[in-house]
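Input: one structure, supplied below.
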Amino acid sequence: MSVFPRVIFNLTQSSVDRGLADDGTLDSQLPLQVAKKFGPWLTDLEFGPLVSTVGRSEWLYGIVGGLELGKATAIMAELHGESRSNFTNDVLTLNFRLRQELSETRILILSAGHELRSADQARALIGYFGLQLVF
């Protein structure tokens, strides 16, 4: 069980003008996460508020299920949502993820997904990769 606080600052308007960032100077998140492992199976639940200086506050929520393929490799599927505080205008995304431990201090994370439901009906493809450094 954990709390994952995050604060996002938007210091320049040029990123908003180019569509790279949302309008507003400050967003904060405080989701509660609960994870449990059942043998090789992984589960994770997340729920919490997203507060912004522009627009209405929202809720974040999600569920992750995964399977360890080996000592260093896991695959996961995630349903992640964001909605207004009254649970309208929600966005629901399905992601598939690969987590590969490269060493004790480096973990590769790959993800690809698609919005299943969007408030503006424009459904985006999403992808990312990251390298997690463990100290």
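We use all heavy atoms of the structure for the numbers below, so side chains are in, but hydrogens, waters and symmetry mates are not.
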Review point. Would L116 end up clustered with I126 when hydrophobic side chains under 4.5 Å apart are linked, directly or stepwise?
Key: no
Check your understanding: Does some side-chain heavy atom of L50 sit less than 4.5 Å from a side-chain heavy atom of Q29?
Key -> yes
Point to revise | Side chain to side chain, E104 and V134, heavy atoms closer than 4.5 Å | key: no
Practice item. Following the transitive rule for hydrophobic clusters with a side-chain heavy-atom cut-off under 4.5 Å over Ile, Leu, Val, Met, Phe, Trp and Tyr, establish whether V51 and V3 coincide in one cluster. Key: no
Revision key, fill the gap. The reported gap from CZ in R106 to CG in L131 (rounded to nearest 0.5 angstrom) is 7.0 Å
Point to revise | Straight-line distance of R84 CZ to W59 CH2, nearest 0.5 Å | key: 15.0 Å
Check your understanding: Are the side chains of Y128 and I109 in touch, meaning some heavy atoms are under 4.5 Å apart?
Key -> yes
Study note, to complete from the structure: d(E115 CD, T93 OG1) to nearest 0.5 Å is 4.5 Å
Check your understanding: Which heavy atom of Y61 sits nearest a heavy atom of V91, and at what distance?
Key -> OH-O, 4.5 Å
Point to revise | pair F47-L32: side-chain heavy atoms closer than 4.5 Å | key: no
Exercise for review: Side-chain contact test, heavy atoms from C-beta onward, threshold under 4.5 Å: evaluate it for V64 versus L42 and give yes or no.
Suggested key: no
Exercise for review: Drop me the distance from D44's CG to Q33's CD, to the nearest 0.5 angstrom.
Suggested key: 5.5 Å
Practice item. Kindly compute the distance separating CD (E58) from CG (D90), expressed to the nearest 0.5 Å. Key: 10.0 Å
Revision key, fill the gap. Between the CG atom in L133 and the OG atom in S103, the distance rounded to the nearest 0.5 Å is 9.0 Å
For residues 67-79, which side-chain N or O atoms pair as donor and acceptor with protein atoms under 3.5 Å away, sequence neighbours left out?
from	atom 1	to	atom 2	distance (Å)
E68	OE1	K37	NZ	3.1
E68	OE2	K37	NZ	3.2
T73	OG1	Q100	OE1	2.5
T73	OG1	Q100	NE2	3.3
E78	OE1	N95	ND2	3.3
E78	OE1	R97	NH2	2.8

**Study point:** Side-chain heavy atoms of F96 within contact of S111, under 4.5 Å
**Key:** no
